[in-house]
Enquirer: 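Sharing a structure here in structure tokens format.
In what follows, every chain begins at residue 1, and chains take the letters A, B, ... in the order their sequences are listed.
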Amino acid sequence: MKKGKYYITTAIAYTSGTPHIGNSYEIVLADSIARFKRKDGYDVFFQTGTDEHGQKIELKAQETGVTPKAYVDKVAGEIQRICDSLDTSYDKFIRTTDDFHEKQVQKIFKKLYEQGDIYKGSYEGLYCTPCESFWTESQLVDGKCPDCGREVKPAKEEAYFFKMSKYADKLIAHINEHPEFIQPVSRKNEMMNNFLLPGLQDLCVSRTSFTWGVPVDFDNRHVVYVWLDALTNYITGIGYDAEGKSGDQYKKLWPADLHLIGKDIIRFHTIYWPIFLMALGEPLPKQVFGHPWLLQGDGKMSKSKGNVIYADDLIHFFGVDAVRYFVLHEMPFENDGVITWDLMVERMNSDLANTLGNLVNRTISMSNKYFGGVVENKNTGVDAGAEDVDADLAGVLTDTYSRVAKKMDELRVADAITEIFALFKRSNKYIDETMPWALAKDESKKDRLATVLYHLSNAIMVGASLLEPYMPETAKRISEQMNAPLIDFSVLEKCAADHDTAAASALYPSGTQVTQMPEILFARQDLAEVMEKVEAMFAGRKQAAGAAEDAESADQAGEADGNTGMDEKFVELAPKAEITYDDFDKCQFQVGLVLSCEEIPKSKKLLKFEIQVGGSTRQILSGIKQYYKPEELIGKRVMVLVNLKPREIAGQMSEGMILSAADEDGNLAVMTPERFMPAGAEIC
RNA sequence: GGCGAGAUAGCUCAGCUGGCUAGAGCAUACGGUUCAUACCCGUAGUGUCGAGGGUUCAAGUCCCCCUCUCGCUACCA
């Protein structure tokens with residue numbers, strides 16, 4: 001009984017480095033949904049992959065001394081290996097360097113250009129270097145970059161723009177008419193209030209500052225910039241053709257039922273992507289779910305600290321299914337989840353070893369002990385002789401499918417799993433209520449004992465079958481130990497729909513011989529022991545990281561912050577236009593002594609400084625609050641641009657600029673002289 | 001600064017359109033049990049439901065205001 005198609009995608013991972021567990025979470029989440037839908041009778045197509053173009057990769061490859069292609073081949077292989085190690089059942093792994101993808105990106109670009117949605121920008125004097133973006137005159141706010149508010153400068157590069165504003169009204173209407181489109185709904189407001197209602201800026205969709213990308217075929221100095229290249233993977237991967245010759249697979253699968261992405265790239269998936277699709281005349285995806293992050297509880301993950309948790313580590317310590325269980329269970333629907341070794345061990349012992357593992361183990365042991373391993377239902381009619389506890393167990397058994405299905409419809413995967421574990425807990429309780437060991441002492445109750453064990457075995461099989469999408473390996477192991485196939489969802493669904501407790505209570509084949517030697521499904525772990533091993537492992541890593549070059553560490557720290565790759569958190573500095581010495585000489589840099597420094601209460605970023613430069617003092621505001629406490633800066637000597645035009649910020653005057661260095665993540669460090677210099681010393 | 005979300009047991013959170021003695025899981029304590037991976041089952045808790053006002057016969061549940069936290073956005077000369 002097919003229920004129709006279901007096309008689900010994850011974001012494609014950026015191939016600049018190895019993803020950590022926070023990044024791997026998404027594919028497991030997607031996989032659990034895909035597996036559930038598949039078992040539930042849908043014709044599922046599940047796509048994931050890698051995003052492999054861009055300047056950052058070009059640079060990384062250069063550093064490593066290999067071609068960009070060789071570089072991404074290696075990383076993409078690694079990413080795919082991680083997906084496989086997590087036992088994910090994707091149907092297609094697309095790479096943006098795949099031929100068919102690149103060809104379609106070119107065709108799409110051309111099509112959009114020819115129909116006037118993409119235009120060559122008028123870029124006279126309107127380039128914002130930090131944002132790497134061109135702007136048209138009309139887009140400027142007070143003559144400044146509308147994105148960052150900084151000065152825009154003349155630039156020689158041309159760029160193509162996409163006319164976002166043209167489709168804005170249509171998109172607003174769509175979002176309002178389809179409240180389920182953006183999930184969770186709180187994200188919808190952010191998109192509306194911050195971007196759509198204030199008015200959309202046109203998006204720059206090409207670059208000339210690097211070459212590692214899909215060339216614009218009619219203007220090959222340009223490469224297609226990230227979003228048009230990356231987002232379109234969702235349609236090119238299933239056979240979209242911009243010239244109207246899309247394949248059957250595309251016709252069947254599109255529009256996607258669910259794009260599963262990180263919450264940081266919601267904007268691109270709920271604004272730019274739908275607008276691209278509108279321009280192409282294609283239907284919009286049904287739903288975009290921006291899931292929260294899985295964060296490390298004990299301090300920020302960073303390679304230099306050596307405490308980054310990788311999927312490989314967790315699998316090594318706990319096994320694949322325990323890792324899947326953990327990330328799925330620990331992640332709430334709207335808030336970020338936390339991962340620590342403590343929590344991991346806690347879940348492992350409490351839920352997996354105690355509740356589930358022990359239940360299976362004790363049940364099989366009793367079947368062996370009392371009946372030589374044969375599990376037989378001695379009651380012919382389902383309720384014949386059944387007691388209240390049997391009826392209660394049967395009720396839970398029958399309903400669990402619909403409870404789980406309901407949660408899955410709402411994408412509440414963690415809650416769905418909790419429903420399944422409620423069944424296991426109910427089964428444990430059933431053992432205490434029926435006391436099989438007491439029944440065993442009375443020969444006349446032998447049939448009752450057999451029936452009790454049968455009901456238990458049946459409940460375990462129902463639970464294991466429901467568990468399969470989340471923990472496939474465990475479901476299989478239980479099925480093997482119970483020596484019976486997992487039950488189809490169609491059967492469970494029918495029992496639930498008809499509320500047929502009799503049928504639901506007789507799904508396990510009566511007379512089955514279970515395994516003689518029950519295997520421990522999940523071994524209890526000792527926290528102290530685990531921590532000892534973990535610390536040893538991290539110590540080794542830290543040493544290795546310390547040995548790496550500074551540039552390398554700084555670079556890698558960026559990867560550890562939870563970027564999935566389809567974002568652009570890192571800063572790619574495009575070379576600025578050459579200047580003359582005279583240009584340089586216009587800037588007056590001097591050493592400034594920090595006399596006082598305080599926070600500006602209402603601002604998240606600003607610190608207010610009293611700086612002595614030569615014989616006079618001046619007030620300067622600087623956005624470095626996140627990186628320094630005011631007291632640690634007092635007395636420091638810093639580099640100041642003193643002849644910058646004073647400007648009012650946050651209601652205060654700022655007379656000059658304190659210079660800092662910024663890494664790829666925007667972490668700042670103020671520039672100070674290498675040895676003592678008096679306040680006012682010229683920097684030249 | 002703008003927009004939005006939230007503040008409920010030690011911890012993580014549920015509590016829909018206001019209605020009976022405010023719930024779940026984990027952790028804690030006590031009791032029971034022994035088939036099982038010292039496991040499972042039961043019981044007990046404590047909560048000024050962030051502070052203060054208001055509407056109502058009745059308010060975690062609606063309104064106002066305050067404090068704090070978080071998200072997005074702006075500010076980072």
Side-chain angles (χ1 to χ4, degrees), chain A residues 130 141 144 146-151 184-195 197-198 263-264 266-267 290 292-293 329-330 332-338 342-343 346-370 414-415 418 421-422 424-440 449 452-453 456 518-525 587 600 602-607 620-627 640-660 662 666 668:
Chain A
V141 177
K144 308 272 194 314
D147 256 8
C148 72
R150 282 180 267 214
E151 294 289 351
V185 282
S186 55
R187 299 290 163 190
K188 178 191 144 189
N189 299 325
E190 291 178 4
M191 294 305 117
M192 279 295 201
N193 295 335
N194 291 322
F195 301 107
L197 298 179
K263 64 181 184 180
D264 57 331
I266 285 185
R267 171 174 161 189
W293 291 120
H329 178 274
E330 217 54 30
F333 187 68
E334 276 189 84
N335 304 321
D336 287 337
V338 173
D342 294 39
L343 283 171
E346 163 67 33
R347 289 268 74 78
M348 180 80 179
N349 289 347
S350 161
D351 298 349
L352 299 182
N354 294 352
T355 301
L356 173 56
N358 187 48
L359 170 67
V360 174
N361 192 259
R362 67 199 295 211
T363 301
I364 292 177
S365 296
M366 284 191 280
S367 290
N368 277 309
K369 191 164 180 172
Y370 303 135
D415 292 345
T418 301
F421 273 75
F424 293 134
K425 281 169 185 264
R426 182 64 191 84
S427 303
N428 271 321
K429 189 174 171 182
Y430 179 80
I431 296 181
D432 276 72
E433 288 165 339
T434 54
M435 294 193 289
W437 53 90
L439 296 172
L449 175 59
V452 163
L453 290 178
L456 270 173
E519 205 186 315
I520 298 288
L521 289 172
F522 301 97
R524 288 178 61 81
Q525 306 248 349
C587 304
I600 291 184
K602 293 288 179 186
S603 166
K604 281 177 210 160
K605 296 188 179 177
L606 292 173
L607 289 179
I620 298 180
L621 304 190
S622 184
I624 57 175
K625 189 172 179 174
Q626 289 168 282
Y627 309 99
V640 182
L641 176 58
V642 295
N643 61 335
L644 195 61
K645 186 179 172 189
R647 167 160 176 196
E648 187 177 306
I649 311 169
Q652 306 257 8
M653 284 311 288
S654 182
E655 307 156 304
M657 178 169 180
I658 296 172
L659 278 80
S660 297
L668 298 179

Enquirer: Checking contacts here: which listed nucleotide (B:rC40, B:rC26, B:rU37) is nearest the side-chain heavy atoms of A:Ala353?
Expert: B:rU37

Enquirer: Rounded to the Å, how far apart are A:Leu453 CG and B:rC35 C1'?
Expert: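 For the pair A:Leu453 CG and B:rC35 C1', the rounded distance is 9 Å.
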
Enquirer: Between B:rG71, B:rA36, B:rC26, which nucleotide gets closest to the side-chain atoms of A:Arg187?
Expert: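 Comparing B:rG71, B:rA36, B:rC26 against the side chain of A:Arg187, the answer is B:rG71.
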
Enquirer: OP1 or OP2 of B:rC26 versus the side-chain N and O atoms of A:Lys425: is any pair under 4.0 Å?
Expert: yes

Enquirer: Taking only Lys NZ, Arg NE, NH1 and NH2, and the carboxylate oxygens of Asp or Glu, determine whether A:Arg426 and A:Glu433 approach each other closer than 4.0 Å.
Expert: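 Yes, this pair counts.
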
Enquirer: Taking only the C1' atom of each, what is the distance from B:rG50 to B:rA5 in whole angstrom?
Expert: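 Straight-line distance between the two C1' atoms is 15 Å.
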
Enquirer: I need the CE-P distance between A:Met366 and B:rU37, as an integer number of Å.
Expert: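 The answer, rounded to whole Å, is 11 Å.
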
Enquirer: Between B:rU73, B:rC40, B:rC26, which nucleotide gets closest to the side-chain atoms of A:Arg267?
Expert: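 Taking heavy atoms from C-beta onward, the closest nucleotide is B:rU73.
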
Enquirer: Provide the Watson-Crick or G-U wobble partner of B:rC68, both distances under 3.5 Å; none if there is no partner.
Expert: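 Partner of B:rC68: B:rG6.
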
Enquirer: So what's B:rA27 paired with, Watson-Crick or G-U wobble, going by both distances under 3.5 Å?
Expert: none

Enquirer: Please give, in whole Å, the distance from B:rU33 P to A:Leu439 CG?
Expert: 16 Å

Enquirer: Taking the side chain as every heavy atom from C-beta outward, state whether A:Ile266 and A:Glu190 have any pair of such atoms under 4.5 Å apart.
Expert: no

Enquirer: Name the nucleic acid region contacted by A:Phe522, choosing base, sugar-phosphate or nothing; use a 4.0 angstrom heavy-atom cut-off, strictly under.
Expert: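 Counting heavy atoms under 4.0 Å across all strands, the contact made by A:Phe522 includes a base.
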
Enquirer: Between the base of B:rG2 and the side chain of A:Asn194, is there a donor-acceptor distance below 3.5 Å?
Expert: yes

Enquirer: Could you check A:Ile620 against A:Val640 for side-chain contact (heavy atoms from CB on, under 4.5 Å), going step by step and ending with a plain yes or no?
Expert: CA-CA 9 Å; A:Ile620 298 180; A:Val640 182; 3.6 Å; yes

Enquirer: Classify the nucleic acid contact of A:Glu433 as base, sugar-phosphate or nothing, counting any heavy atom under 4.0 Å across all strands shown.
Expert: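 Counting heavy atoms under 4.0 Å across all strands, no contact is made by A:Glu433.
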
Enquirer: What distance, rounded to whole Å, do you find between the two C1' atoms, one in B:rU61 and one in B:rC49?
Expert: 10 Å

Enquirer: Taking the minimum atom-to-atom distance to the side chain of A:Ser365, which one of B:rC35, B:rC26, B:rU37 wins?
Expert: B:rC35

Enquirer: What's the closest nucleotide to the A:Glu190 side chain, out of B:rU37, B:rG71, B:rC26?
Expert: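 Shortest atom-to-atom distance from the side chain points to B:rG71.
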
Enquirer: Could you tell me how far apart A:Arg362 (CZ) and B:rU37 (P) are, to the nearest whole angstrom?
Expert: 11 Å

Enquirer: When we call it a touch if two heavy atoms are under 4.0 Å apart, what does A:Leu621 touch: a base, just sugar-phosphate, or nothing?
Expert: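 The residue A:Leu621 makes sugar-phosphate contact but no base contact.
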
Enquirer: Picking from B:rC40, B:rC26, B:rC35, which would you name as closest to the side chain of A:Tyr370?
Expert: B:rC35

Enquirer: Provide the distance between the two P atoms, one in B:rA24 and one in B:rA9, to the nearest whole Å.
Expert: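 It comes out at 14 Å once rounded to the nearest Å.
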
Enquirer: Are more than 12 heavy atoms from other residues, nucleotides or ligands located less than 6.0 Å from atom CE of A:Met435?
Expert: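 No - once you tally the heavy atoms of other residues, nucleotides and ligands closer than 6.0 Å, there are 12 at most.
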
Enquirer: With side chains defined as the heavy atoms from C-beta onward, is the minimum distance between A:Met366 and A:Leu449 less than 4.5 Å?
Expert: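 Contact flag for A:Met366/A:Leu449 side chains = no.
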
Enquirer: Can you check the A:Glu519 CD to B:rA36 P distance for me, whole Å?
Expert: 18 Å

Enquirer: How far does the C1' atom of B:rA74 sit from the matching atom of B:rA7, given to the nearest Å?
Expert: 26 Å

Enquirer: With nearest nucleotide decided by heavy atoms, which residue, A:Gly623 or A:Arg347, maps closer to the 5′ end of RNA chain B?
Expert: A:Arg347

Enquirer: Reckon A:Thr355 touches a base, only the sugar-phosphate, or nothing at all at heavy-atom distances under 4.0 Å?
Expert: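 If one applies the 4.0 Å heavy-atom cut-off, A:Thr355 turns out to touch the sugar-phosphate alone, with no base involved.
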
Enquirer: Taking the side chain as everything from C-beta on, heavy atoms only, tell me whether A:His329 gets closer than 4.5 Å to A:Asp351.
Expert: yes

Enquirer: When rounded to the nearest Å, what value does the distance between C1' atoms of B:rG60 and B:rU48 take?
Expert: 12 Å

Enquirer: Using the C1' atom as the reference point in each nucleotide, state the distance between B:rC26 and B:rG45 in Å, no decimals.
Expert: 15 Å

Enquirer: Could you tell me which nucleotide pairs with B:rG18 by Watson-Crick or G-U wobble geometry, both distances under 3.5 Å, or answer none if nothing does?
Expert: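 By the stated definition (distances under 3.5 Å), nothing pairs with B:rG18.
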
Enquirer: Can you see whether A:Arg267 engages A:Asn194 through a side-chain donor-acceptor pair at a distance of less than 3.5 angstrom?
Expert: no

Enquirer: Given the C1' atoms of B:rC13 and B:rU21, what is the spacing between them in whole Å?
Expert: 23 Å

Enquirer: Counting only side-chain heavy atoms from C-beta out, which of B:rU37, B:rU73, B:rC76 sits nearest to A:Ser622?
Expert: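 Shortest atom-to-atom distance from the side chain points to B:rC76.
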
Enquirer: Among B:rU37, B:rC35, B:rC41, which nucleotide sits nearest the side chain of A:Leu521?
Expert: B:rU37

Enquirer: When both hydrogen-bonding distances must be under 3.5 Å and the geometry is Watson-Crick or G-U wobble, what is B:rU61 paired with, if anything?
Expert: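 Across all strands, not a single nucleotide pairs with B:rU61.
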
Enquirer: Heavy-atom nearest nucleotide on RNA chain B for A:Ser654 versus A:Ala523: which residue maps closer to 5'?
Expert: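 That would be A:Ala523.
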
Enquirer: From the list B:rC26, B:rU37, B:rG42, which nucleotide is the closest neighbour of the side chain of A:Lys429?
Expert: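 Output: B:rG42.
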
Enquirer: How should the glycosidic conformation of B:rG31 be described, syn or anti, under the criterion that syn lies within 90° of 0?
Expert: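 Anti, since the glycosidic angle lies more than 90° from 0.
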
Enquirer: B:rG42 C1' sits how many Å from A:Asn428 CG, rounded?
Expert: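 About 14 Å, once rounded to whole Å.
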
Enquirer: Measure CG/A:Leu343 against C1'/B:rC11 and give the value in whole Å, please.
Expert: 10 Å

Enquirer: Taking A:Thr363 as the fixed residue, which of A:Leu359, A:Asn361, A:Val360 is the one that meets the side-chain contact (heavy atoms from CB on, under 4.5 Å) rule?
Expert: A:Leu359

Enquirer: Distance between the C1' atoms of B:rC70 and B:rC63, in whole angstroms?
Expert: 24 Å

Enquirer: Taking atom P of B:rU34 as reference, at what distance in whole Å does atom NZ of A:Lys369 sit?
Expert: 11 Å

Enquirer: Among B:rA36, B:rC26, B:rU73, which nucleotide has an atom closest to any side-chain atom of A:Asn361?
Expert: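 Minimum distance to the A:Asn361 side chain belongs to B:rA36.
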
